[in-house]
Amino acid sequence: MSGSHRKPLRSDAIKSGPDRAPARAMLRATGLDDAALRKPLVAVVHTWSDVSPCNLNLRDLAAAAAAGVRAAGGTPVEFNTIAVTDGIAMGTAGMRASLVSREVIADSIELAVEGHCLDAVLVLCGCDKTIPAAAMALARMDIPGLALYGGSIAHGVLGARHLTVQDVFEAVGAHGAGTLDDAGLRAVETHACPGAGACGGQFTANTMAMVLTALGLSLPGANDVPATDPAKRAIAQRCGEQLMQLLAHGPLPREVLTPAAFRNAARMVAATAGSTNAVLHLLAIAHEAGVAFTLEDFETASRSTPVIADLKPAGRYTAVELSAAGGTMTVARMLHQAGMLEDTPTVSGRGLFAELAAAPPPPEGQDVVRPVSAPLKPRGGFTILYGNLAPEGCILKLAGAGRTQFEGPARVFENESEAFAAVQAGAIRAGDVVVIRNEGPAGGPGMREMLAVTAALVGRGLGGSVALITDGRFSGATHGVMVGHIAPEAARGGPIALLRDGDALRIDGAMRRIDALVDLETRRGGWTPRPPTVTRGALAKYARMVGSAARGAITETE
């Protein structure tokens, strides 16, 4: 057990020498023998849960990954951590836990791995916050590691329609408007989600899975394989084997998380009109990696990158159909051919450009991804705005909006629930600017997503004639004239806290402005902070610690 015959391992701290006999005794009780203890101890961490389809297959993939670790000379050690499923929590108080879970997952991965001095880590992730949390933990620990996304759900089929959970949320709005009956709503509900896997459009999970690949933290092509594809287990095993190569030869996570990798990731999000949540998460990952990255970097990426992938929520196709068209590598190939990506290292041991050269070409006739010379839209799916309503910045989502300018009277709501009730009651009219405040990182707390409201608006036929602005977030399934992440948030005294019903508001994507056409600061003296929504427990701790959405809503101060 001295380890003198080999390179020292981190895990020697818990398993080598006479003093570590108690630890070895406990490890033996788990089934490890002398041979297993001599090998590197490798964490296989997953976010398996049976509460939703998003993470349902991860325990099986963990077993395959562990087999890969063993085959390559390591001893796997399995851990599980939490997941909060946005599609279930959406529109309820439970949604406050979603963004908070990102920090808890990253922290728990770090604590489990560091607490046992493990030598390397493979993270299996499935839904919206588990994916950025995996990247944050890998960047923070900077030990040999990689991540694997469990894969997208297959699309549901109802007649000739391909469904995702987005269609269910929009069906709720249509039902509330009286244009869809009970049987029609039930038909959409029962056909939309056919099995394991994360939500099937270019929503947050699939956007962030693509980001993992662009950042170099996942094996190229691995994340694109759908959750129920029989090939997924073999990919998980290959990840376990590759992790042992990383342990022996590198690169480490921070060696792949270069500034160029973050620029590539932002371009990939822009090119696919991906979720605006990617902005929040990439800022947080960059913070953990020690890379300077700001809101303006996303503006640069979006302004100079056309939308080339025809994906839901605004497009026609789902993630499974993108996978059949060559997946992430097809999107990257098109951007690379146009000189829009930079070569960066990856956990495969090869650079991004070498991986693109080795990847099979997309199938003939695919029309999910277009060349840059024939884009769907001339610029990416979001723009960063500033103005007297958002001095620190906010995000205008362009996916499917059809317009980038909007002016109208404010309809102010103090939380999402009030706004949803107003929409369902038919109280919102074309031309209104719905304002939902006190839903920011601290004020919510937890920065809830507004999908229930935005989908209800679309379901009522108001998607292009009503704007919505909030200090909260949007689901990746949101489309329409939507502005989120307004900073500073209302709870921290941001100008959105000073708005009143009827105030004239102007959104101007071309000028990158969002303004109230009234003098808000004259109201500052009459404003007092609202009492905290939550006063005890994890959410209250988060509210005290969390920073601005403009810097990723991180809980670790500089």
Side-chain angles (χ1 to χ4, degrees), residues 86 125 127-132 135 149 151-152 164-166 198-215 217-218 223-224 261-286 293 295 297-323 325 327-332 334-335 340-341 368-370 372 375-384 395-401 449 451 454 473-480 482-485 552:
D86 291 14
C125 44
C127 60
D128 295 7
K129 306 311 171 297
T130 69
I131 305 170
Y149 170 53
S152 174
T164 70
V165 73
Q166 168 196 347
C199 299
Q202 191 66 345
F203 311 150
T204 302
N206 286 311
T207 299
M208 290 308 300
M210 186 174 282
V211 162
L212 284 182
T213 303
L215 289 175
L217 290 176
S218 291
N223 291 345
D224 294 311
F262 282 93
R263 290 192 290 269
N264 284 346
R267 282 189 179 277
M268 296 283 281
V269 174
T272 58
S275 170
T276 51
N277 284 316
V279 176
L280 199 71
H281 298 323
L282 274 166
L283 290 171
I285 297 165
F293 211 65
L295 280 177
D297 291 300
F298 293 97
E299 176 64 27
T300 299
S302 187
R303 187 173 60 245
S304 59
T305 309
V307 176
I308 60 172
D310 192 2
L311 298 172
K312 288 177 177 285
R316 294 179 293 166
Y317 295 112
T318 64
V320 170
E321 292 162 306
L322 174 62
S323 177
T328 297
M329 300 305 278
T330 296
V331 178
M334 299 297 189
L335 294 179
M340 291 185 170
L341 292 183
V368 181
V369 184
R370 299 187 182 186
V372 169
L376 289 155
K377 293 184 178 180
R379 64 158 294 157
F382 52 84
T383 189
I384 307 301
I395 303 172
L396 168 63
K397 187 162 187 173
L398 302 177
E449 293 178 347
L451 179 58
T454 60
R473 297 182 293 129
F474 296 126
S475 164
T478 295
H479 56 112
M482 307 292 165
V483 180
H485 304 206

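What you are looking at is a predicted structure, and each value in this text was computed from that prediction instead of being measured. We number each residue from 1, following the sequence as shown.
Note on ring orientation: taking the six-membered ring where Trp is involved, the planes of Phe262 and Phe293 are tilted (angle from 30° to 60°).
Note: Asn264 CG to Leu335 CG = 8.5 Å, rounded to the nearest 0.5 Å. Between His281 atom NE2 and Thr276 atom OG1 the span is 9.0 Å, to the nearest 0.5 Å. How far CG of Asp86 is from CD of Glu449: 4.5 Å, rounded to the nearest 0.5 Å. A distance of 15.5 Å separates CZ of Phe203 from CZ of Phe474, quoted to the nearest 0.5 Å. With rounding to the nearest 0.5 Å, the separation of CZ in Arg379 from CZ in Arg303 is 7.0 Å. The CD1 atom of Ile395 sits 11.0 Å away from atom CZ of Arg473, with the distance rounded to the nearest 0.5 Å.
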Criterion side-chain contact (heavy atoms from CB on, under 4.5 Å) on Leu283 and Leu295, from CA distance to verdict: CA-CA 8 Å; Leu283 290 171; Leu295 280 177; 4.2 Å; yes
Candidate pair Lys397 and Thr454, rule side-chain contact (heavy atoms from CB on, under 4.5 Å), full reasoning: CA-CA 12 Å; Lys397 187 162 187 173; Thr454 60; over 6 Å; no
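Heavy atoms only, all atoms of each residue included: Ile308 and Val331 are closest at CD1-O, 4.1 Å. Minimum interatomic distance between Ala271 and Thr305 (heavy atoms only, all atoms of both residues): CB-CG2, 3.8 Å. Across all non-hydrogen atoms, the minimal contact from Cys125 to Leu212 is SG-CD1, 4.1 Å. The two residues Gly200 and Ser152 make their nearest non-hydrogen contact at CA-OG, 3.5 Å. Met329 and Asp224 make their closest contact through N-OD2, 4.3 Å (heavy atoms, listed as atom of the first residue, atom of the second, distance). For the pair Ala209 and Asn223, the tightest heavy-atom approach, listed with the atom from each and the gap, is O-ND2, 3.1 Å.
Remark: side-chain polar atoms of Ser302 are not paired, donor with acceptor, to backbone N or O of Thr383 under 3.5 angstrom. Panel note: side chain Ser275, backbone Thr207; no donor-acceptor pair is recorded below 3.5 Å. Under a 3.5 Å cut-off, the side chain of Asp128 and the backbone N or O of Thr204 do not form any donor-acceptor pair. Formation of a donor-acceptor pair under 3.5 Å by the Asn206 side chain with backbone atoms of Gly201 is found in this model.
At least one side-chain heavy atom of Leu215 sits less than 4.5 Å from a side-chain heavy atom of Leu282. Contact annotation: the side chain of Arg316 never approaches that of Glu321 to less than 4.5 Å [non-hydrogen atoms, C-beta and beyond]. Counting only heavy atoms from C-beta outward, the side chains of Asn277 and His485 approach each other to under 4.5 Å. Side chains of Met340 and Pro306 form a contact here, defined as non-hydrogen atoms less than 4.5 Å apart.
Not a single ring pair (Phe, Tyr, Trp, His ring centres under 6.0 Å) links Tyr317 to another residue, sequence neighbours left out.
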